[in-house]
Amino acid sequence: SRSIDAGDVVRVFNDRGACLAGVALDDGVLPGVVVMATGAWYDPDIASPDRLDRHGNANVLSRDVGTSKLTQGPSALSALVEVERWVGEAPTMCAFDPPSIQQATG
């Protein structure tokens with residue numbers, strides 16, 4: 001219904017953030033449901049208005065709160081999202097580029 005095919009790149013977003021993801025279609029997933037693996041390095045595009053994560057980090061879509069004041073365990077990683085096909089070339093990922101280090105002068 002959204003003209004999205006296997007192998008497409010999509011923008012997954014909500015009011016918390018946005019990220020890019022590759023598409024794999026699976027008949028075992030209910031219509032209207034998106035499943036995203038976690039574990040991608042955070043790679044924000046700081047020039048984009050919504051700080052689009054270029055590397056597919058699902059954490060940008062969910063609340064960052066602990067389960068209680070006692071344990072601070074992770075909360076369930078479920079969120080309402082929208083999905084749209086990414087148009088144009090995907091931005092270059094920079095998650096694995098080392099940061100530039102400036103030498104102290106003195």
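One is the number of the first residue; the rest follow in order along the sequence. No hydrogens, no waters, no symmetry mates; every other heavy atom, side chains included, goes into these values.
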Begin with the C-alpha distance, continue with both residues' side-chain angles, and end with the deciding distance and a verdict on side chain to side chain contact (heavy atoms under 4.5 Å, CB included) for Asn57 and Cys19. CA-CA 7 Å; Asn57 188 318; Cys19 65; 5.7 Å; no
Report the C-alpha separation of Arg2 and Val10 in whole Å, then their side-chain angles, then the decisive distance to 0.1 Å, and conclude whether the side chain to side chain contact (heavy atoms under 4.5 Å, CB included) test is met. CA-CA 11 Å; Arg2 295 176 189 226; Val10 293; over 6 Å; no
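Taking 4.5 Å as the limit, some side-chain heavy atom of Ile46 sits within range of a side-chain heavy atom of Arg51. Residues Leu20 and Leu52 are in side-chain contact: their nearest non-hydrogen atoms beyond the backbone lie under 4.5 Å apart. The side-chain heavy atoms of Val23 and Asp5, taken from C-beta on, include no pair separated by under 4.5 Å. For the pair Ile4 and Val83, the minimum side-chain heavy-atom distance is below 4.5 Å. For the pair Tyr42/Arg54, no side-chain contact is recorded, criterion being any heavy-atom separation below 4.5 Å from C-beta on.
No path of Ile, Leu, Val, Met, Phe, Trp and Tyr side chains, each step under 4.5 Å between heavy atoms, connects Leu30 with Leu25, placing them in separate hydrophobic clusters. Each of Phe13 and Val35 belongs to its own hydrophobic cluster when Ile, Leu, Val, Met, Phe, Trp and Tyr are linked at side-chain heavy-atom distances under 4.5 angstrom. Linking ILVMFWY side-chain heavy atoms closer than 4.5 Å, directly or via other members, places Val34 and Val60 in a single hydrophobic cluster.
The CG atom of Leu80 lies 12.0 Å from the OG atom of Ser62; values are rounded to the nearest 0.5 Å. In this structure, the separation between NE2 on His55 and CH2 on Trp41 is 10.0 Å, given to the nearest 0.5 Å.
Qualifying side-chain hydrogen bond (donor to acceptor under 3.5 Å, both in side chains) partners for Asp45, counting only residues two or more places apart in sequence or in other chains: none.
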Contacts table for residues 84-95: side-chain donor-acceptor under 3.5 angstrom, sequence neighbours left out:
unit_1: Glu84; atom_1: OE2; unit_2: Arg11; atom_2: NH1; d: 2.9
unit_1: Arg85; atom_1: NE; unit_2: Ser3; atom_2: O; d: 3.3
unit_1: Trp86; atom_1: NE1; unit_2: Glu89; atom_2: O; d: 3.2

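The minimum heavy-atom distance between Leu61 and Gly17, with the atom names listed, is CD2-O, 3.5 Å.
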